[in-house]
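In what follows, a structure is listed as structure tokens, so that the remarks can point back to it.
Here, residue 1 is the first one in the sequence, and each next residue gets the next number. Keep in mind that this is a model prediction, so the values were computed, not measured.
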Amino acid sequence: MKILIIGNGAREYALGLALSSDSRVAQLYFAPGNGATETLGKNLIASSYDELLHIAQDIPISLVIVGPEAPLLAGVSDLFAQAGFLVFGPSQQAAILEGSKAFMKDFAKRHNLPTARFIQTSDLNEALDFANTLGYPAVIKADGLCAGKGVVIAQDAKQASETLESMLSGEAFGEAGKRVVIEEYLEGFELSVFAVCDSEDFVLFPAAQDHKRLLSGNKGPNTGGMGAYAPAPAATPEIMDTISRTIIAPTLAGMRQEKRAFTGVLFAGIMVVDSKPYLLEFNVRFGDPECEVLLPLLQTPLLDVLTACAQGNLKNLNVCFTQQSAVCVVLATAEYPYSSPKPVVIAFDPPSPQGAHLCFAGVSRSGEDLLATGGRVIACVGVADSLKEARDSAYLLCKSVHFSGKQMRDDIAQWALQ
């Protein structure tokens, strides 16, 4: 098979890495890929998705995997599916679960999914009145895509007012912030729960926990993610069963009912309060860096899982996971997440520690050199029989990667080991 992976981050690298060991994969293609994906396959450069479609037809591609949310919301899955390609990734209509937080919250209400009290509005006074009614802290979310940065937890009325004025005026997030969701603040612990779906059936991956804040101790601004681990010990079988029954299954049924059948990865952000899971938000693709810790735990070949979902045949596939643990630590540039970095050369101390590997994101090539050119540069992944061993392996790998201004958190997975 010849496989096309759309995207250029560590998530897409991780997908390619998992597929590269499958003898059935004749060639991997990435669009656009990064400076390291070309070691796994071939990078394709296209000026538009229409041009990419024509390139894929000429190759010809057997399976298209859409990694990030932006192309999904642009309708790339539909474009390729209508041209006869087998596609892993939801349709544009289904991707609205991530594209609009207002739609997602209203959907949750329509289908009785457990979620925090909320309103969605574009009116400043209505938003402030509801926030004041809830009390503080209160959660304020921009409706549209904001690269994981469109959520503010307002601690008081002053911060709520400033945040809402910034969002609703378009100053903070442009059009994405001109409608907001105001919701009740829930106190508990978070889980990232991923289900691969074929519109009718689904399989849950082990629950992961990610680390959004830039700095250790959960300080600093929100980022795209500074690390993750799986399985999360706090995700008991009882909690996972409740998530499956009360959130994932009714969501797939509701999407079918609303003529938005969902195929691909459904990513539920969950808050567990007194052992009861509540839905915070949906994403419609693998998380990054969660993808990097989940794929190494998959025992069933990834290719089988992706094709079964795309073909609507998941119920006939026995999906199994190892009993191991995985930890990912993200190495970022000094400027992240405030500004774009100046390219710097990356150096490596071989060999990698046993049970550890790298997933590359913000990198490019200049001759023989690999350069750090993006905010999040490399994900260092450790896989072992215990969470502690996986964590030790990941941090040992971090020490073997060198570039000017390298920053990382030193407490990934620490909470789970206390």
Any side-chain to backbone donor/acceptor pair from [X] onto [Y]? Under 3.5 Å, distance only.
X: Lys406; Y: Val401; result: yes
X: Thr223; Y: Lys212; result: yes
X: Asp241; Y: Pro237; result: no
X: Tyr229; Y: Arg391; result: no
X: Gln159; Y: Gln155; result: yes
X: Ser393; Y: Ala390; result: no
X: Ser404; Y: Val344; result: no
X: Ser77; Y: Pro90; result: yes
X: Glu12; Y: Gly9; result: yes
X: Asp411; Y: Gly217; result: yes

Output the distance between atom [atom1] ([X]) and atom [atom2] ([Y]), rounded to the nearest 0.5 Å.
X: Arg365; Y: Thr39; atom1: CZ; atom2: OG1; answer: 6.5 Å
X: Glu292; Y: Leu15; atom1: CD; atom2: CG; answer: 8.5 Å
X: Thr251; Y: His111; atom1: OG1; atom2: NE2; answer: 8.0 Å
X: Cys146; Y: Asn222; atom1: SG; atom2: CG; answer: 11.5 Å
X: Leu191; Y: Glu290; atom1: CG; atom2: CD; answer: 11.0 Å
X: Ile96; Y: Phe262; atom1: CD1; atom2: CZ; answer: 12.5 Å

Student check: side-chain heavy atoms of [X] and [Y] closer than 4.5 Å:
X: Cys380; Y: Leu358; answer: yes
X: Leu204; Y: Ser244; answer: yes
X: Ile412; Y: Cys328; answer: no
X: Val139; Y: Phe118; answer: no
X: Ile3; Y: Ile61; answer: no
X: Ile65; Y: Leu19; answer: yes
X: Met104; Y: Leu279; answer: yes
X: Leu145; Y: Phe173; answer: no

Pair Lys141 + Glu183: basic N to acidic O under 4.0 Å: yes
Whether the [X] and [Y] side chains hold a donor-acceptor pair (N or O, under 3.5 Å, no angle test) is what I'd like checked.
X: Thr37; Y: Asn8; value: no
X: Thr322; Y: Gln299; value: no
X: Lys105; Y: Thr115; value: yes
X: Arg409; Y: Asn218; value: yes
X: Ser47; Y: Glu51; value: yes

Residues Met167, Lys178; criterion side-chain contact (heavy atoms from CB on, under 4.5 Å); working and verdict: CA-CA 6 Å; Met167 285 189 183; Lys178 289 188 176 180; over 6 Å; no
Positive for side-chain contact (heavy atoms from CB on, under 4.5 Å) with Ile5, one of Tyr29, Phe88, Tyr13, Phe30: Phe30
Stepwise side-chain contact (heavy atoms from CB on, under 4.5 Å) test for Thr236 and Ile239: CA-CA 5 Å; Thr236 65; Ile239 288 173; 3.3 Å; yes
For the student: nearest non-hydrogen atoms of [X] and [Y], plus distance:
X: Ala31; Y: Leu4; result: CB-CD1, 4.0 Å
X: Ile248; Y: Ala195; result: CG2-CB, 3.9 Å
X: Ala234; Y: Phe189; result: CB-CE1, 3.5 Å
X: Gly287; Y: Phe194; result: N-CE2, 3.1 Å
X: Ser364; Y: Thr373; result: OG-CG2, 3.1 Å
X: Val330; Y: Gly227; result: CG2-N, 3.9 Å

Stepwise side-chain contact (heavy atoms from CB on, under 4.5 Å) test for Glu190 and Ile270: CA-CA 5 Å; Glu190 290 191 50; Ile270 302 292; over 6 Å; no
Pairs flagged by side chain to side chain donor-acceptor pair (under 3.5 Å) wherever residues 89-104 is involved - sequence neighbours left out: Glu98-Arg285, Ser100-Asp143
Near-ring test Phe205/Phe321, centroid separation under 6.0 angstrom: yes
Chi angles and distances behind the side-chain contact (heavy atoms from CB on, under 4.5 Å) call for Asn313, Asp198: CA-CA 7 Å; Asn313 196 33; Asp198 69 357; 5.5 Å; no
Cation-pi geometry met for Arg11 and Phe360 (6.0 Å, 45°): no
All pairs passing ring-ring contact (aromatic ring centres under 6.0 Å, His included) where residues 53-85 contributes a residue, at least two apart: Phe80-Phe85
Flag if over 12 foreign heavy atoms under 6.0 Å of NZ, Lys42: no
Stepwise salt bridge (charged side-chain N to carboxylate O under 4.0 Å, His left out) test for Asp392 and Lys388: CA-CA 6 Å; Asp392 290 344; Lys388 183 182 183 305; 2.9 Å; yes
